[in-house]
Structure formats: structure tokens, C-alpha cells
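A note on names: the letters A, B, ... follow the listed sequences, proteins ahead of strands, and every chain is numbered from 1.
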Number of protein chains: 2
Amino acid sequence: MITHAMEDYLKAIYLLQKGEEKVSTTAIAEQMNVSAPSVTGMIRKLTTMGLIDHTSYQGVQLTEGGKKVAKEVLRHHRLLELYLVEIMGFTWDKVHDEADKLEHVISEEFEEKMSDALGHPTTDPHGHAIPAKDGAVKEVSYETLAEVEPGSFATVEQVNDNNPEMLRYLDNLEIVPGALVQVVAKEPFNGPLHLKIDQAEHFIGLEVAHNVFVEVSEKEAN
Amino acid sequence: MITHAMEDYLKAIYLLQKGEEKVSTTAIAEQMNVSAPSVTGMIRKLTTMGLIDHTSYQGVQLTEGGKKVAKEVLRHHRLLELYLVEIMGFTWDKVHDEADKLEHVISEEFEEKMSDALGHPTTDPHGHAIPAKDGAVKEVSYETLAEVEPGSFATVEQVNDNNPEMLRYLDNLEIVPGALVQVVAKEPFNGPLHLKIDQAEHFIGLEVAHNVFVEVSEKEAN
DNA sequence: TTTGAAATTTAGGGCTGACTAAATCTAAAT
DNA sequence: ATTTAGATTTAGTCAGCCCTAAATTTCAAA
């Protein structure tokens, strides 16, 4: 039996893994806001169940089975986020927490009805890919806005969705997936990012810029 | 902290109580499919929390606080059922189980959005009253179809929603809230109920008829 | 009034998933 | 090669909610 807690761990591990690297106990503990011993305990259980591989003191990796479960949960989560925004009229800062609770309890039919109503979408309101029913995901890794060189134009692709306050802030500035942003400068020194968005000029902190993922269009346009 | 399990117990007690009568441990245990000792344990906890009053060996009653919680859960449940049917396109036999899981995790805003989308309805797909935000409920108690005297016409008002198979059966026969049913006879002896519904004639078992609640219109019409 | 069946509670345990404190392992720096 | 800081695991608890078996209470029938 896979419990809600197990689903949460598998999802966290899925989101933390980059390529073939093992995911550490501490990283999972931080992501989930639990203690390291709690993670060790769950790791033992998930390993026994064949959902992860564990090398003592080295970290864990999802097995194919574990990856399948994680993607199903993530599909629920991201479909829910989009459904809440598009169909129910939630603002995008509220949907992460709501989806975190709902993702574990909705039926496959509920998932299907949402997907139908939304026209089988592939990205959620924050620009994250929605895994397909068969597990296919187009996981792209983008640059962060903080890394973009001054003078460049960049299209916003993704925004981290775990901080409601930041999401409201970004929404005000129209820094949302699809928006075109011009990075004017980092000033005075690695300082606030000077941006031009749709004529308006803004300064945003570097920490915030680290949560915005972009595709650079051109180094110098007009 | 009120847990999901506590909410389930309060809801069960609310549904079992008729008038001022105390609700027995056994009744709760049967309704919830748990053992009697489990109920006793939870009763102790809910009593400590001031959500129910308990007299040893006599049964329990909801306090005002307990009633408030129960009605909020029930409002969630019945709004969800209607939302799933009307907005998402579920069939009415599936929505009870789905709502049983969702009712504990949706936010107040989710509840509000559903209510808005549905035009602030007062009854769910099975004809049960949806408690208002302020706790107001028009709980009417109807006759069961099994009690209606042959020769009478009756309007279906409510149907028990806990048996999906029965709901599919009733739906086929068009025995749904709002339908007008003529009771032709009970034959041969207290036997299957002989009904006429919209020209068509049907025979339904007495156990099924006990789950259909009606308002008798006239003893003899036409 | 006694007795017995049914209802209820008490006693004792199991499982999950969290915690802190303490022990152990790893890996990097001296 | 040794030290040491940080990461990880082990050990021991606790709370929530379930269970069975046994004890107790209630209530109605004899």
C-alpha cells in the first residue's frame, strides 16, 4: 500500500534528482520540512517496497516503479493547479497549497475529467511540464533570470510556485510565463536587476530572479 | 486540532441523530465500519475537545461546536457531489466516494468557488439539503417509497447515496429527485412494489424502496 | 429478583510517521 | 595519517487511529 506520505517523498525525490545523481537525505529533509531521521526511516520503507534504490550514506535514486508513482502524483498536482486557475478562477499564488492536498485523494476519473476540460494541456500555470498519462515529460532546464547577461532579451518560461507572496509580487510585475523581459543592467554591483518589461522599468532582487526561469532570445535586439 | 478522522465521526453522528436522541456507540461503529472500541476511544477524545457530550453507556450528542464542524463537512460533501455531477460530468453513482475523500482537504475558498459556480444551490444530486454557510439547513424527513399506499402518486425527493450499484439501477428506472411515481400495488404480499413511472411499469424490491424518500401528492389522481 | 444477552468500556497491542539525542560514517583539510 | 565537521543512521519516544480479547454495565425476560 502506497500512503500519502510515501507519495510526498517520491515526489520530492523526483523533483530533487538532476540527471543520474543520487539524492541526499538532507536534501529530502529540507525539501519536505522534516528531520533527517524521518527521511532515513521512510527511505528504508520505500527501499523495501522497491520504489527507490538506496546506498547507505550515499543517497537514493528512484526505480522505474518509484518514478512512475512520482510522475502520477506530479501529473495530478499540475493538472489541479491549472484546473484551479483556468476553470475555478483561483489566483496562481493559492493553487500550489491546494493542489498539495488534493493530489493524493482525487481518482483517476477526476484526473481524466480535468484533463478533458482543459484540452489536455502540457504545462501548468507556473510553466512546469505536466507529465502525460503514459509518463512522458518534456523536462527542460532553463537559465535563471539572475544569470542572464545585461542587454539580453529573455522569455519567461517557468516560475517557482512554492512561495505565494513572491508569486503575487511577480504577477504585479507581469513576470509570468510567456512574458518578454529585457535585462537592462545589474547595478550597482551584482545588485538588483534592472529590467524593462513592456515599456515599464523595474528593479528586482537577485534572490527573486533566481526563481524565474527563462529562455534568452537575443543578446542584442534593437 | 481537528483531524480528518474526527470530522468523519462528527459527520456520522450528525447523520445518525434524530431529534434529541443520543447516538449509540454501536450505531456509529456500524455507520463507519469500525469496531466499537475504536468508537469509544474517539468518543473520549471528542468529549475532551468539547465537540460532543457523552454519558457513559448511554450514547453521545453533538455540542453546538460539534454540530458546526459536522455541518461544515457536510456542506463540503454535498457541494462537491453537485459540483462533480453538474460541472465535471460525473455520474451520480461515483460522486459519494469521491466527495468522501475531498471533503476533508478542500479550502474554504474552494468551497466558495464551487458554490458560486453552482449558483448557491440548496440540494445535492441525491436530494439532500446542503447546509448554508451560516449553518442553516432545511432537513425535512420524508416517507420512504416502501411506505406509500398503493394507488397513490408520490414525488421522489431523496435517494440514499451510499450504494453506487443501487444508484445506477434507480437511474435506469428514472427514479431520481423530481420524478413522479405512481404506486400501483404491493404484490403478491408485501412483495415487489409495482410502479408506474412516466407510462412505463416496473417492479422494485422493498429493500430498494426503503432507500427512496418521497412526498405523497394525492391518494387518487386521475 | 435473578439471570443472561447485548452493548459498552477497559486493557493491551500494532502500524505509520513524526521527533530528539546519540552514535557512526564520510570526506576534506591539515 | 590524523583530525574534524557535516551528513547519516540508530535508538528510543510519542501521537493518532485502528484492532482483538476480556471485563463491566445495562436492561429486559423469566
Visitor: Rounded to whole angstroms, how far apart are CG on A/L46 and P on C/dT16?
Guide: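 The answer, rounded to whole Å, is 12 Å.
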Visitor: Are the side chain of B/K186 and the backbone N or O of B/A146 linked by a donor-acceptor pair below 3.5 Å?
Guide: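 At least one qualifying donor-acceptor pair exists.
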Visitor: Just wondering, do A/L195 and A/V183 contact through their side chains at under 4.5 Å, heavy atoms?
Guide: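 In contact.
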Visitor: Atom CD1 of B/I2 and atom C1' of D/dA15: how far apart are they, to the nearest Å?
Guide: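 From B/I2 CD1 to D/dA15 C1': 17 Å.
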Visitor: Side-chain contact, heavy-atom cut-off 4.5 Å: A/V23 with A/L62?
Guide: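 No, every pair of side-chain atoms sits at 4.5 Å or beyond.
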Visitor: Taking CD from A/E7 and C1' from C/dG17, how many angstroms apart are they, rounded to a whole number?
Guide: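 Atom-to-atom, A/E7 to C/dG17, this comes out as 15 Å.
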Visitor: Quick one: side chain to side chain donor-acceptor pair (under 3.5 Å) pairs with a partner in residues 11-21 of chain B, sequence neighbours left out?
Guide: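 The answer is B/K11-B/D100, B/K11-B/E103.
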Visitor: Has the side chain of B/T63 got a donor or acceptor atom that lies under 3.5 Å from a matching backbone atom of B/G50?
Guide: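 Here the side-chain-to-backbone pair exists.
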Visitor: List the steps, then state whether side-chain contact (heavy atoms from CB on, under 4.5 Å) holds for A/L102 with A/H76.
Guide: CA-CA 8 Å; A/L102 289 164; A/H76 283 186; over 6 Å; no
Visitor: Checking salt bridge (charged side-chain N to carboxylate O under 4.0 Å, His left out) for the pair A/E72/A/R75: CA distance, chi angles, key distance, verdict?
Guide: CA-CA 5 Å; A/E72 282 168 3; A/R75 174 170 166 82; over 6 Å; no
Visitor: Could you state the atom-to-atom distance from NZ of B/K22 to C1' of C/dT8 in whole Å?
Guide: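 After rounding, the reported distance stands at 15 Å.
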Visitor: Once salt bridge (Lys or Arg N to Asp or Glu O under 4.0 Å) is applied, what residue pairs with a partner in residues 131-140 of chain B remain, sequence neighbours excluded?
Guide: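 Found B/R78-B/E139, B/E108-B/K133, B/E111-B/K133.
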Visitor: Which of parallel (below 30°), tilted (30 to 60°) and perpendicular (above 60°) describes B/F110 and A/F90?
Guide: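 Geometry flag for A/F90 against B/F110: tilted rings.
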Visitor: Extract all donor-acceptor atom pairs below 3.5 Å that involve side chains of residues 29-37 of chain B and protein atoms in other chains or at least two apart in sequence.
Guide:
| unit_1 | atom_1 | unit_2 | atom_2 | d |
| --- | --- | --- | --- | --- |
| B/S35 | OG | B/S38 | N | 3.4 |
| B/S35 | OG | B/S38 | OG | 3.0 |

Visitor: List, with names and distances, any nitrogen or oxygen atoms from the protein found under 3.5 Å away from nitrogen or oxygen atoms belonging to nucleotides 5-9 of chain D.
Guide:
| unit_1 | atom_1 | unit_2 | atom_2 | d |
| --- | --- | --- | --- | --- |
| D/dT8 | OP2 | A/T26 | N | 2.8 |
| D/dT8 | OP2 | A/T26 | OG1 | 2.1 |
| D/dT9 | OP1 | A/H54 | NE2 | 2.7 |
| D/dT9 | OP1 | A/Y57 | N | 3.3 |
| D/dT9 | OP2 | A/T25 | OG1 | 3.0 |
| D/dT9 | OP2 | A/T40 | OG1 | 3.1 |

Visitor: Once you build an axis from the first five pairs and another from the last five of the helix from C/dT1-D/dA30 to C/dT30-D/dA1, how far apart in angle are they, to 10 degrees?
Guide: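 Rounded to the nearest 10 degrees, the bend comes out at 20°.
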Visitor: Does the side-chain contact (heavy atoms from CB on, under 4.5 Å) test come out yes or no for A/T123 and A/Q158, once each step is laid out?
Guide: CA-CA 10 Å; A/T123 52; A/Q158 286 183 353; over 6 Å; no
Visitor: Would you kindly give the NE2-to-P distance between A/H104 and C/dG17, to the nearest whole Å?
Guide: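 These atoms are roughly 12 Å apart.
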Visitor: Which pairs, protein N/O on one side and nucleotides 16-18 of chain D N/O on the other, fall under 3.5 Å?
Guide:
| unit_1 | atom_1 | unit_2 | atom_2 | d |
| --- | --- | --- | --- | --- |
| D/dC17 | OP1 | B/T3 | OG1 | 2.4 |
| D/dC17 | OP2 | B/K45 | NZ | 3.4 |
| D/dC18 | OP2 | B/Y9 | OH | 3.0 |

